[in-house]
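Let me begin by presenting the structure, written as structure tokens, before commenting on it.
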2 protein chains.
Amino acid sequence: MNIVVIGIGLIGGSFAKDVKRLNPDAQIVGVDKNESHLDEAMELGIIDSKGDYGSLASADLVFVSIPVNALVQELPKILDAAGDETVVVDAGSTKSLICQSVEDHPKRRNYMACHPIAGTEFSGPSAAIEGLYDGKTNIICEVEKTAFKLQERALAIFQDMKMRIRYMNPEAHDKHIAYVSHLSHISSFMLGKTVIEKEKNERDIFDMAGSGFESTVRLAKSSPDMWAPIFEQNKDNVVETLDEYIQNLITFKKLIEENDFESVHQEMSNTNKIKQILKGIPLTKK
Amino acid sequence: MNIVVIGIGLIGGSFAKDVKRLNPDAQIVGVDKNESHLDEAMELGIIDSKGDYGSLASADLVFVSIPVNALVQELPKILDAAGDETVVVDAGSTKSLICQSVEDHPKRRNYMACHPIAGTEFSGPSAAIEGLYDGKTNIICEVEKTAFKLQERALAIFQDMKMRIRYMNPEAHDKHIAYVSHLSHISSFMLGKTVIEKEKNERDIFDMAGSGFESTVRLAKSSPDMWAPIFEQNKDNVVETLDEYIQNLITFKKLIEENDFESVHQEMSNTNKIKQILKGIPLTKK
């Protein structure tokens with residue numbers, strides 16, 4: 001099996017590692033505009049060789065894990081270069097613009113739009129981990145536009161990795177993912193910003209921070225190169241979630257200001273049901 | 001050594017477990033207005049016997065871990081009942097009002113104001129864990145008001161538990177803890193609220209949530225009984241942190257709306273330095 005991974009960081013590197021673990025005979029070619037990432041991936045044994053778009057014609061599967069702004073630029077060229085029997089899957093955190101970018105492409109049937117919901121706040125090939133996708137959800141959009149035989153090939157790999165497959169249209173994906181992923185990142189980044197701004201004398205104050213702060217601010221370590229384009233592509237949905245989040249914060253602040261601590265209690269009590277909801281979320285073991 | 005733990009939940013129970021582990025001969029008496037918590041703590045072997053304020057006169061150390069609204073009510077009575085050689089320490093997440101509540105108490109020298117910064121989002125005796133305090137910071141306020149011999153006794157226990165001791169005045173404690181703890185809880189509760197409100201059809205949508213959402217929303221599982229009184233007692237500081245947090249969110253949203261993704265990138269990039277800061281935070285191993 002010939003696999004090409006374009007963008008060999010946390011997401012692509014973890015995919016490559018598991019393909020190799022599950023299919024020891026697979027040949028994995030890495031493509032990355034960052035030469036030092038390719039060198040690192042070679043040294044770490046994540047890929048077998050370096051390649052370029054010339055490697056795509058003979059690939060069985062191409063996994064594209066690059067920032068979503070690069071994805072809309074590159075995906076049409078990747079499909080141009082892909083073989084007739086190649087299936088191209090992506091891992092972009094947005095889906096509408098990406099699907100639009102290849103809507104009328106003559107090889108649209110060679111593309112399967114995916115969003116494997118997995119990751120950590122780290123990036124680069126050294127952040128790649130085995131088993132990252134185990135038990136995680138993979139959202140597939142517009143599956144009917146992918147050639148059936150090629151769907152099967154990609155799905156077999158995802159199933160070997162024990163991913164849970166869900167089907168959704170790109171608009172629904174982008175709307176809901178804004179709530180359960182994009183908003184979390186912004187709330188975390190702005191929490192980090194607020195605390196850093198206030199606490200100039202870092203060492204002393206951050207001695208006071210506990211694991212609660214660490215957990216809530218964890219996503220503020222995420223890569224701006226990855227996230228700025230996501231917010232750009234999903235602008236309308238992200239702004240909507242932010243409006244609602246800000247409004248909820250203003251309401252909560254008002255309850256505190258008005259000494260209505262019964263309602264403050266009630267708000268938190270209502271939200272405690274997140275306990276039950278979270279039980280269904282498969283977590284990354286690190 | 002006679003130890004009384006008033007409020008035998010996560011915080012008091014974990015303290016009792018470690019006292020017992022480090023001093024097998026210690027006798028631990030539990031006091032709790034919730035009889036079922038006492039029964040549970042007995043069954044779990046966290047306490048040796050049940051007691052009441054009558055148990056305080058002969059105690060070497062009393063550890064008070066009850067919600068901060070109860071603390072300001074009970075602490076003067078606890079000091080009334082304490083022996084002349086008893087040291088009373090608390091674990092309240094606010095310090096100004098609590099210190100004020102016993103400012104002129106004839107046994108003020110028997111009290112040491114503490115905030116061990118440790119915990120999880122769970123509560124009750126069954127949530128108590130060994131080693132919770134290992135490597136954690138314990139903020140001590142107005143240490144000069146505690147009798148030196150009694151300071152020593154309490155500090156010896158904290159040091160056995162490998163806590164890092166920091167001294168601070170109550171006002172500074174309450175101001176800074178609002179940033180590194182109280183704000184995190186509100187940001188998390190309101191994130192949970194925003195997502196729950198939007199996503200009525202929970203099962204389907206929360207399949208899309210990954211470990212990032214789980215991490216950011218973790219504190220929304222926290223106990224409202226504990227947190228509503230904290231926000232009440234630290235109202236002014238909490239409102240100030242919320243004002244700044246909301247303003248930062250509004251600014252970020254505006255940058256997105258104005259398509260200024262260079263500044264969006266810059267904001268996140270500036271906040272990435274939280275990586276270095278977090279390296280210093282001791283985490284709860286669970």
Side-chain angles (χ1 to χ4, degrees), chain A residues 117 137 166 176-177 179-181 184 187-195 198-199 202 205-221 224 227-228 231-232 235 238-239 242 244-246 248-249 252-253 256-257 261 264-265 268-269 271 274-275 277-278 280-281 283-284, chain B residues 117 137 166 176-177 179-181 184 187-195 198-199 202 205-221 224 227-228 231-232 235 238-239 242 244-246 248-249 252-253 256-257 261 264-265 268-269 271 274-275 277-278 280-281 283-284:
Chain A
I117 300 176
T137 299
R166 295 288 181 275
H176 294 301
I177 204 75
Y179 282 92
V180 295
S181 167
S184 302
S187 79
S188 191
F189 268 110
M190 291 302 103
L191 176 67
K193 182 185 176 184
T194 306
V195 178
K198 195 64 184 187
E199 306 294 4
E202 292 163 16
I205 296 312
F206 287 97
D207 271 354
M208 297 178 74
S211 57
F213 178 67
E214 199 279 344
S215 169
T216 321
V217 86
R218 178 168 75 87
L219 297 179
K221 302 184 209 169
W227 283 94
F231 299 147
E232 183 169 3
K235 176 180 163 178
V238 167
V239 166
L242 271 173
E244 289 167 20
Y245 184 54
I246 290 166
N248 282 330
L249 285 162
F252 196 79
K253 178 170 82 93
I256 294 177
E257 285 174 326
F261 291 97
V264 164
H265 189 286
M268 291 192 282
S269 189
T271 306
I274 202 81
K275 282 181 211 175
I277 293 169
L278 287 175
I281 301 181
L283 302 180
T284 301
Chain B
I117 300 176
T137 299
R166 295 287 181 275
H176 294 302
I177 204 75
Y179 282 92
V180 295
S181 168
S184 303
S187 79
S188 191
F189 268 111
M190 290 303 103
L191 176 67
K193 183 186 175 183
T194 306
V195 177
K198 195 65 185 187
E199 306 293 4
E202 293 164 16
I205 295 314
F206 287 97
D207 271 354
M208 297 178 74
S211 58
F213 178 68
E214 200 279 343
S215 170
T216 321
V217 86
R218 178 168 75 87
L219 298 178
K221 301 184 210 170
W227 282 96
F231 300 146
E232 182 168 5
K235 176 180 164 178
V238 167
V239 166
L242 271 174
E244 290 167 20
Y245 183 54
I246 291 166
N248 282 329
L249 285 162
F252 196 79
K253 179 171 82 95
I256 294 176
E257 284 174 327
F261 291 97
V264 164
H265 188 285
M268 291 192 280
S269 189
T271 306
I274 203 81
K275 282 181 209 174
I277 294 168
L278 288 174
I281 301 181
L283 303 181
T284 302

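All chains are named by letter (A, B, ...) in the order of the sequence lines, taking the proteins before the strands, and each is independently numbered beginning at 1. Computed from a predicted model, the values in this text were never measured in an experiment.
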Next item on the list: Could you tell me which of Ala228(B), Ala220(B), Ser181(B), Ser215(B) has the largest number of non-hydrogen atom pairs under 4.5 Å with chain A?
Entry: Ser215(B)
Next item on the list: With sequence neighbours excluded, tell me which residues meet side chain to side chain donor-acceptor pair (under 3.5 Å) with Tyr245(B).
Entry: Tyr245(A)
Check: CD/Glu232(B) to NE2/His265(A) distance, rounded to the nearest 0.5 angstrom?
Finding: 11.5 Å
Checklist line | Contact origin within Leu219(B) toward chain A - heavy atom pairs under 4.5 Å | finding: side chain
Check: Which of the residues Leu242(A), Val264(A), Val238(A) is involved in the greatest number of heavy-atom pairs with chain B at under 4.5 angstrom?
Finding: Leu242(A)
Notebook entry, point to check: Under a 4.5 Å cut-off applied to non-hydrogen side-chain atoms, are Phe252(B) and Phe231(A) in contact?
Noted result: yes
Check: For the residue pair Ile117(B) and Ala209(A), what are the closest heavy atoms and their distance?
Finding: CG2-C, 4.3 Å
Check: Is there a side-chain contact between Ile274(B) and Lys221(A) (heavy atoms, below 4.5 Å)?
Finding: yes
Checklist line | Value rounded to 0.5 Å, distance of CE in Met268(A) from CE in Met190(B) | finding: 8.0 Å
Next item on the list: Determine the minimum heavy-atom distance between Ile256(B) and Lys235(A), stating which atoms define it.
Entry: O-CE, 3.6 Å
Checklist line | Partners meeting side chain to side chain donor-acceptor pair (under 3.5 Å) with Ser188(A) (sequence neighbours left out) | finding: none
Note to self: To check you understand the geometry: which heavy-atom pair defines the closest contact between Ser187(B) and Thr216(A), and what is its length?
What the structure shows: OG-CG2, 3.5 Å
Checklist line | Side chain / backbone / both / neither for Leu249(A) at chain B, heavy atoms under 4.5 Å | finding: both
Margin query: Are Val239(B) and Lys253(A) packed together at the side-chain level, in the sense that at least one heavy-atom pair is separated by less than 4.5 angstrom?
Written below: yes
Item checked: Rounded distance (nearest 0.5 Å) linking atom CZ of Arg166(A) with atom CE of Met208(B) -> 11.0 Å
